[in-house]
Amino acid sequence: MVGYLARSQGEDERSVLFRGIDMTQHGEGAVRVRFAPSPTGHLHLGGLRTALFDWLWARKTEGQFILRIEDTDRKRYDADSVTSLMQGLRWLGLEWDEGPDIGGPYASYVQTERREIYQKYAQKLIDRGHAYRCYCTSERLEAMRAEQRRNKRPTGYDRHCRRLADAMRTRREAEGIPSVVRFAVPEAGVTVFTDLLRGDIQVDNRQLRDEVLLKADGLPTYHLAAMVDDFLMNITHILRGEEWLATAPLHKLIYDAFGWEMPVLVHLPVILDPSGKGKMSKRKRTVAGKEYLALAHEFRDAGYLPDAMFNFLVNVGWNFDPDQEVFGREEAIERFCLEDINPSAAALPYEKLDWLNSLYIRALPASELKKALLPFLSRQLQLSEDELETDRKLDILIPVIQERIKRLDEAAEWLDWAYLDADEISYSDPKLLIGRKLNAAQSIEILRVGASLLEEVDPFAAETIHQAFRQKAEALGVKAGGFFGPFRGAITGKKVSPPLFESIEALGRQETLRRIERALRELEG
RNA sequence: GCCCCCAUCGUCUAGAGGACUAGGACUCAGGCCUUUCAAGCCUGCAACAGGGGUUCGAAUCCCCUUGGGGGUACCA
């Protein structure tokens, strides 16, 4: 009986079982997961996906989702990225329960504000013989690695200072030589840890290095900081990128050295670049000559809807239901289960994102789509949002371009013609004004006939105009497509445009006639 | 080099030894519809990396090979 899986049907929402343990009742209580980014740049999709799974698991189990800032690398630190990180999470709708901005019972949630804590715990390890001070200079370490490479040996600290006699140690301290604290990995034996998705993983301790725990500047490295915080903050599940798998044995050893119980480890598969080869780069990259998006804000700026993005990302590395591609947040929460995460790396199916996004765009009420579109149109058409907000052309045109755009940034090219003056329209391609299977003379005639219809039609609305045009085309024995074509070209200057009659209605009688006049002059001249 | 992880259509995935003639989705191709472009509907192309085992039976379990990925910092 595999009843311990949270996915099992019909279970009480409040008792999510996990490996036979009811996590909602266990120990301190709820599941606690954290997203712990390093503020060194913009949030990329890999990080966002990790946060998403954290969030899903917390909501699923009615536990807590914690945001913690791991800013211990002062060289790469970028102050703006904390804001950017939070914006990215909020954009996707991932609200955290504890974090640097809102505080919480385990504050601070910023590691540089916890420096004394780490120093205290580093000292504990030294006292217990699990760590030691190392006085090696970076020059020495560099030379050592060069030597190891030259001899085709694996690189790694040679434990020089681990063997330092007490007298030497005291002398160096007295001389004030700067030092770091290194973890003392057992020299023999194996370390076994469990990854939820991969099972037990065994590593020979001789493969492990005496990694630095506390740097010369007094700040911890990830290995110390994350373990101490995860313990102190009662984290029950560590979700992190697969790039941490190799250091997981070290982390297990650190937990053991402190005598703590290891949280459940879940290493999420890396996200590959679109070629499927190579980890997706944090920096904008190109594959096969094409640029691909990788950062959270780039997806927002390209006009992907948060709900679409959410839906999309949930299905990379996990699967909601092979027969249901479209689902909402609540449904995802209900079904999500850590154990079902697929451990193999995946490329992002960008085309599927476009498709999903187009679905979500179409599902939006027109008024909401308009709201979402305003910043894009404002920027791209160089008009103020206020001006666009009250523009009735948009109210007519948005519903008809709704099923034609895959991303919000595509709307402008469907609408730009409506915001030009008649003489700004360019008829670069002469064929633009000539109807299908018609010649120039016939097209001129049609434009004239149409213009007179437009002068009289009442009300000046898409449906009535449509009727009038269709009747006239039939009367003249011209196919609708051929008859309508010249008008499309005349008023939009484009071969492809929103539906003709809504476009005419949006433009209004006067402006439409002006454009037809211009087109006629173009054709005749 | 060494260590670790992973392996189903081009891509995201379903698959828990028999229900697999391997299912769904995106993309692509063809058709219908049509006022351009879309949307919609229908049809189609397309995968168990290879080799050994185990078993009455393997996409599924084991081993090897190959391929891919990750790590190998006083970065995270």
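Model, not experiment: these values are computed from the prediction. Every chain is numbered from 1, with letters handed out A, B, ... down the list of sequences.
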K.L.:
Between the side-chain atoms of Arg153(A) and the base atoms of rU72(B), is any donor-acceptor pair under 3.5 Å?
P.N.:
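No pair found.
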K.L.:
Leu359(A) has an atom CG; how far is it from atom P of rG40(B), in whole Å?
P.N.:
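Checked: the CG to P distance equals 7 Å.
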K.L.:
Does Phe53(A) have Arg49(A) sitting over its ring (NZ/CZ under 6.0 Å from centre, angle to axis within 45°)?
P.N.:
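Yes, Arg49(A) lies over the aromatic ring of Phe53(A).
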K.L.:
Which whole-number value in Å describes the distance from Asp354(A) CG to rC28(B) P?
P.N.:
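Roughly 11 Å, once rounded to whole Å.
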K.L.:
Less than 4.0 angstrom between a side-chain N/O of Lys215(A) and OP1 or OP2 of rC75(B), yes or no?
P.N.:
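Result: yes.
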K.L.:
Now, which nucleotide makes the Watson-Crick or G-U wobble pair with rU34(B), with each of the two distances under 3.5 Å?
P.N.:
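Across all strands, not a single nucleotide pairs with rU34(B).
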K.L.:
Does any nucleotide pair with rU66(B) by Watson-Crick or G-U wobble geometry, both distances under 3.5 Å, and what is it?
P.N.:
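Pairing partner: rA7(B).
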K.L.:
Nearest-Å distance, CZ (Arg488(A)) to P (rU36(B))?
P.N.:
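About 7 Å, once rounded to whole Å.
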K.L.:
Check whether the side chains of Glu173(A) and Tyr135(A) place a donor and an acceptor atom closer than 3.5 Å, and report yes or no.
P.N.:
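The answer is yes; a qualifying pair exists.
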K.L.:
Any side-chain N or O of Arg362(A) less than 4.0 Å from the OP1 or OP2 oxygen of rG40(B)?
P.N.:
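Answer yes for this pair, as a side-chain N or O of Arg362(A) is under 4.0 Å from OP1 or OP2.
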K.L.:
Report yes or no: do Thr191(A) and Asn205(A) form a side-chain donor-acceptor pair below 3.5 Å?
P.N.:
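Checked: Thr191(A)/Asn205(A) side chains pair up, N/O donor to acceptor below 3.5 Å.
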K.L.:
Between Glu403(A) and Asp323(A), just flag the one whose closest nucleotide in RNA chain B comes earlier from the 5' side.
P.N.:
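The 5'-side residue here is Asp323(A).
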K.L.:
Between Arg145(A) and Thr155(A), is there a side-chain donor-acceptor contact under 3.5 Å, judged purely by atom types and distance?
P.N.:
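There is no such pair (donor and acceptor under 3.5 Å, judged by atom type) between the side chains of Thr155(A) and Arg145(A).
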K.L.:
Watson-Crick or G-U wobble partner for rG44(B), using a 3.5 Å limit on both distances?
P.N.:
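The answer is rC28(B), by the H-bond criterion.
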K.L.:
According to the Watson-Crick and G-U wobble definitions, with both distances under 3.5 Å, which nucleotide is paired to rC2(B)?
P.N.:
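Paired with rC2(B), as far as the under-3.5 Å criterion goes, is rG71(B).
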K.L.:
Below 3.5 Å, does any donor atom in the side chain of Arg76(A) face an acceptor in the base of rC75(B), or the other way round?
P.N.:
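Yes, the side chain and the base share a sub-3.5 Å donor-acceptor pair.
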K.L.:
Tell me if the aromatic rings of Phe231(A) and Tyr255(A) count as close, with their centers under 6.0 Å from one another.
P.N.:
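Distance test on ring centres: not under 6.0 Å, no.
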K.L.:
Report, one line per pair, each donor and acceptor closer than 3.5 Å where one atom sits in a side chain of residues 470-486 of chain A; sequence neighbours left out.
P.N.:
from      : atom 1 : to        : atom 2 : distance (Å)
Arg470(A) : NE     : His466(A) : NE2    : 3.1
Arg470(A) : NH2    : His466(A) : NE2    : 3.3

K.L.:
Does Arg182(A) have a side-chain nitrogen or oxygen under 4.0 Å from the phosphate oxygens OP1 or OP2 of rC74(B)?
P.N.:
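Answer is yes, contact under 4.0 Å.
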K.L.:
Would one find a side-chain N or O of Lys495(A) under 4.0 angstrom from OP1 or OP2 of rC37(B)?
P.N.:
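For rC37(B), OP1/OP2 do not have a side-chain N/O of Lys495(A) under 4.0 Å.
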K.L.:
Determine the Euclidean distance between corresponding C1' atoms of rA46(B) and rC26(B); express it in Å to zero decimal places.
P.N.:
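One C1' to the other, the span is 13 Å.
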K.L.:
Looking just at side-chain N and O atoms, do Tyr222(A) and Asp73(A) make a donor-acceptor pair shorter than 3.5 Å?
P.N.:
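No - no donor-acceptor pair under 3.5 Å links their side chains.
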K.L.:
May I have the distance from Ile401(A) (atom CD1) to rA38(B) (atom P), rounded to whole angstrom?
P.N.:
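Ile401(A) atom CD1 is separated from rA38(B) atom P by 15 Å.
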K.L.:
For residues 133-147 of chain A, which residues have at least one heavy atom under 4.0 Å from RNA chain B?
P.N.:
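Output list: Cys136(A), Leu141(A), Arg145(A).
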K.L.:
Any side-chain N or O of Arg436(A) below 4.0 angstrom from OP1/OP2 of rU36(B)?
P.N.:
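Yes, such a contact exists.
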K.L.:
Can you tell me, in whole Å, how much space there is between the P of rG18(B) and that of rC62(B)?
P.N.:
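Those two atoms are separated by 16 Å.
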K.L.:
Whole-Å distance between rC37(B) P and Leu432(A) CG?
P.N.:
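It works out to 14 Å between those atoms.
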K.L.:
Given rC75(B), is OP1 or OP2 found less than 4.0 Å from the side-chain N or O atoms of Thr40(A)?
P.N.:
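For rC75(B), neither OP1 nor OP2 has a side-chain N or O of Thr40(A) closer than 4.0 Å.
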K.L.:
Go nucleotide by nucleotide along RNA chain B from the 5' end; which of Ser179(A) and Lys152(A) gets its closest nucleotide reached first?
P.N.:
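By nearest-heavy-atom nucleotide position, the 5'-most residue is Lys152(A).
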K.L.:
What is the distance from CZ of Arg206(A) to P of rC4(B), rounded to the nearest Å?
P.N.:
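Distance check: Arg206(A) CZ to rC4(B) P gives 12 Å.
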K.L.:
Under a 3.5 Å limit for both distances, which nucleotide forms a Watson-Crick or G-U wobble pair with rA22(B), could you say?
P.N.:
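Check on rA22(B): unpaired, no WC or wobble geometry under 3.5 Å.
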K.L.:
If the P atom of rC75(B) is compared with that of rA25(B), how far apart are they to the nearest Å?
P.N.:
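Per the computed distance, 50 Å lies between those P atoms.
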K.L.:
Over 60° means perpendicular and under 30° means parallel, so tell me whether Phe183(A) and His130(A) are parallel, tilted or perpendicular.
P.N.:
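The rings of Phe183(A) and His130(A) lie parallel, inter-plane angle below 30°.
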